[in-house]
2 protein chains.
Amino acid sequence: MATVENLERTKTAKTRARKPAIAEVEADRIIEQDCVAAMASLPDACIDMVFADPPYNLQLGGDLFRPEGSMVDAVDDDWDKFDTFAIYDKFTRAWLKEARRILKPNGTLWVIGSYHNIFRVGAALQDEGYWILNDIVWRKANPMPNFRGTRFTNAHETMIWASKSEKAKYTFNYKTMKSLNDELQMRSDWLIPICAGQERIKDGGKKAHPTQKPEALLYRVMLASTKPGDVVLDPFFGTGTTGAVARRLGRKWIGVEREPRYCDVARKRIAEALPLDESALQTMRANEAQPKVPFGALIETEMLKPGAFLMDTKRRWKAEVRIDGTLVCGDKEGSIHKLGALLQDAPSCNGWTFWHFESGDGLQPIDTLREQYRLAHFP
Amino acid sequence: MATVENLERTKTAKTRARKPAIAEVEADRIIEQDCVAAMASLPDACIDMVFADPPYNLQLGGDLFRPEGSMVDAVDDDWDKFDTFAIYDKFTRAWLKEARRILKPNGTLWVIGSYHNIFRVGAALQDEGYWILNDIVWRKANPMPNFRGTRFTNAHETMIWASKSEKAKYTFNYKTMKSLNDELQMRSDWLIPICAGQERIKDGGKKAHPTQKPEALLYRVMLASTKPGDVVLDPFFGTGTTGAVARRLGRKWIGVEREPRYCDVARKRIAEALPLDESALQTMRANEAQPKVPFGALIETEMLKPGAFLMDTKRRWKAEVRIDGTLVCGDKEGSIHKLGALLQDAPSCNGWTFWHFESGDGLQPIDTLREQYRLAHFP
DNA sequence: AACAACGGTGAATCTGAGG
DNA sequence: TCCTCAGATTCACCGTTGT
């Protein structure tokens, strides 16, 4: 079926075969302008990688207070407000289209978002002709809890990594990623702390930008998908995390940012960005701590069945396992640790070694099940 | 006797009588039909939760995506990915629309997918009026490696959890989830092993279904978002994981599946899944609503005497108890909650945990008195 | 100097019953 | 529909202050 799009693609490919339409562009600068207009001012095919952190279109209700009474400092900036999904979609398609035009044929795009916007962005970029390579989950080591106990703690954000088209020969530094991950393939879920402490840029004592991303995240993104000397463009530059990391890693950068006060902060920050030292790279190794196995996981996987009975070594107490991972013994109930402490009238108790299950060889501590779980699932 | 429970039941019944929008439906059965047609045969508002694992492999059988009988030719060279997306979207909107119709007003929907389809599904469900509650990342403990080393190891899938509308009062068993996760809030990233070994259903030595989901995943989904006796519908039933887990957890189920050979496997499997005992199905008492005790009841029963003094933990404030159950501190007065908020200059305050009384063992929160009152009066 | 205790905070679509 | 009020609700990390 020879659609207009097909014809266009064929023609573009042929043109490129004759002369690679890759343009040079002035880099290491901030364009203080609206993101679509700024990208429109750049030539075709001049960018190696785009990293975009667009507005999430959060739709927050009233104020939210923590249990102890303090108020949560929410994102209420005007730049995050859109009246309808249709308007947000239009905005999204506009910047994705421009970004695709200025990307080199083998360039790639990264977008980060939350459930509020990422599905719309993902669908839009597929529609625009991008080819998704991976979706990456940024697991936050220290997310904000859900204070009202109404949902699951929102503990991650999603990034989409896409090439300009299906057949593109994009850059992926496989070995670099593998060595960064203790010689195991880098997975699609990354555990990285949120941006806080010294790294968080302050302006008059308050955070300079409500959604500053951690540099570790950009390090991994750039190390994975660009080469030294590549030009990285960030159409929602904010306080310039992308620029700072690009400079450290020897990549060129272009930032697009509308707000003058963010631009000022970014310029100062990037000027201060020191060349990369090895120790910084070491600390961002992807080594994760020994994975924690909650007692509930043994029940979900049926290593222990709800209704089973657990005992202490001397069979003094006998407790029944319930579906939610709590134990019940007479009129007392609680987690494996809590109930163990309660029954012994002790201040605390390690339930993993206190509770045992009946096996062919007599009583065995449930810790052996945790060990089995780890062996089976974390080779 | 008009207990709190009785009153509650009466009121619910009244509400239902006025708004009879909730229908009964025959459950614990497989409907051997196309998913949209099967759902169309069910009445409005009869389902408490939908779990859907829709197909996304666009290369296998283009005839999978025939929303309303519109014929689609098999995949061939003329196939264009824009057409493919359009057809997939149409299919997605069709089943999402039917699912929303048969969901009860406070029902919820779960969809699982990968980057191939989840963005389209997410955008479509937002467009259909669903309200996203969380996106949940299923982190695979043992994913398949990326053999060619061209991308990140695809180590997760994404689930979207959505209510029927923004204002819906959906079910979320917060305490159960917290228990299951060693007394920490359950996060949006779940580490669960893929379905393998004994659990993986074989048919003639080969796996019976290409995308069989682990029971542990469904276990957590159902435990989090349904109550015992709820009706769960799975429009892409496959080998019936949803049915097996529903039966085990005391939920009713309806499976929709077109392929007779999957239906046979599912029926056999579900028949073998034994329902858990009532005692094992219990969760922590904290999950249940406790009978309300007005502060004045403690004074009436002389558990606290008028004229007694209450303090916060740090003894910063000292308030006197009056006969009507109000407190007074200097020129400020009010209920235990109101005065606590007033003194702290906070928007709200839980007086039961804020105020303490002097006892032999130091300060104790008045909540312990409420606990005693409940034990004495609500056996 | 070392460690404990305490306070602040992060992209959040964050209550429910009753009048 | 809006208002009021009872009362349920938080994890990890960082920096500062106190012992």
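Naming convention: chains lettered A, B, ... in sequence-line order (proteins, then strands); numbering from 1 in each chain.
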Calculate the interatomic distance between [X] atom [atom1] and [N] atom [atom2]; express it in whole Å.
X: B/Leu327; N: D/dA6; atom1: CG; atom2: P; value: 12 Å
X: A/Asn142; N: C/dG8; atom1: CG; atom2: P; value: 18 Å
X: B/Met177; N: D/dT9; atom1: CE; atom2: C1'; value: 18 Å
X: B/Glu183; N: D/dT10; atom1: CD; atom2: P; value: 10 Å
X: A/Asp63; N: C/dC14; atom1: CG; atom2: P; value: 12 Å
X: A/Ile194; N: D/dC13; atom1: CD1; atom2: C1'; value: 8 Å
X: B/Tyr170; N: C/dG16; atom1: OH; atom2: P; value: 8 Å

Spacing of the [atom1] atoms in [M] and [N] (rounded, Å):
N: D/dT9; M: C/dA17; atom1: P; answer: 15 Å
N: C/dA1; M: D/dT17; atom1: C1'; answer: 15 Å
N: D/dT10; M: C/dG16; atom1: P; answer: 15 Å
N: C/dA11; M: C/dG7; atom1: C1'; answer: 23 Å
N: D/dA8; M: C/dT13; atom1: P; answer: 24 Å
N: D/dG7; M: C/dG19; atom1: P; answer: 15 Å

Which is true for [X] with a 4.0 Å heavy-atom rule: it touches a base, it touches only sugar-phosphate, or it touches nothing?
X: A/Gln198; answer: sugar-phosphate
X: B/Trp352; answer: sugar-phosphate
X: A/Thr211; answer: base

Closest to side chain of [X], choosing from [options]:
X: B/Lys169; options: D/dA6, C/dA17, C/dC14; answer: C/dA17
X: A/Val72; options: D/dG7, C/dA12, C/dT15; answer: C/dA12
X: B/Lys292; options: D/dT9, C/dT9, D/dG7; answer: D/dG7

Tell me which nucleotide, if any, is Watson-Crick or G-U wobble paired with [N] when both distances must be under 3.5 Å.
N: D/dC2; value: C/dG19
N: C/dA4; value: D/dT17
N: C/dA12; value: none

Report summary line: Heavy-atom nearest nucleotide on DNA chain D taken for B/Leu184 and for A/Gly149; more 5' hit belongs to A/Gly149

Report task. Identify the heavy atoms of A/Phe295 and B/Asp182 that sit nearest to each other, and give their distance. Result -> N-OD1, 3.3 Å

Query raised in the report: Can you name the nearest heavy-atom pair linking B/Ile366 to B/Trp352, along with the distance?
Result: CG1-O, 3.5 Å

Requested in this report: Determine, for A/Lys207 against A/Asp73, whether the closest basic-nitrogen to carboxylate-oxygen distance falls under 4.0 angstrom.
Outcome: yes

Query raised in the report: According to the 5.5 Å centroid and 30° plane-angle thresholds, does A/Tyr115 stack upon the nucleobase of C/dT13?
Result: no

Report task. Test the A/Arg258-A/Trp79 pair against the cation-pi criterion, namely NZ or CZ under 6.0 angstrom from the six-membered ring centroid and within 45° of the ring axis. Result -> no

Query raised in the report: Does A/Lys140 make a side-chain donor-acceptor contact with the base of C/dA11, cut-off 3.5 Å?
Result: no

Query raised in the report: For the base of C/dG16, is there a side-chain donor-acceptor partner from A/Arg148 under 3.5 Å away?
Result: no

Requested in this report: Using a 90° cut-off around 0 for syn, call C/dT13 syn or anti.
Outcome: syn

Report task. Identify the residue among A/Gln212, A/Lys213, A/Arg269, A/Glu215 that makes a side chain to side chain donor-acceptor pair (under 3.5 Å) with A/Thr241. Result -> A/Arg269

Requested in this report: Would you mind telling me which of B/Trp161, B/Tyr170, B/Trp138 makes a ring-ring contact (aromatic ring centres under 6.0 Å, His included) with B/Trp110?
Outcome: B/Trp161

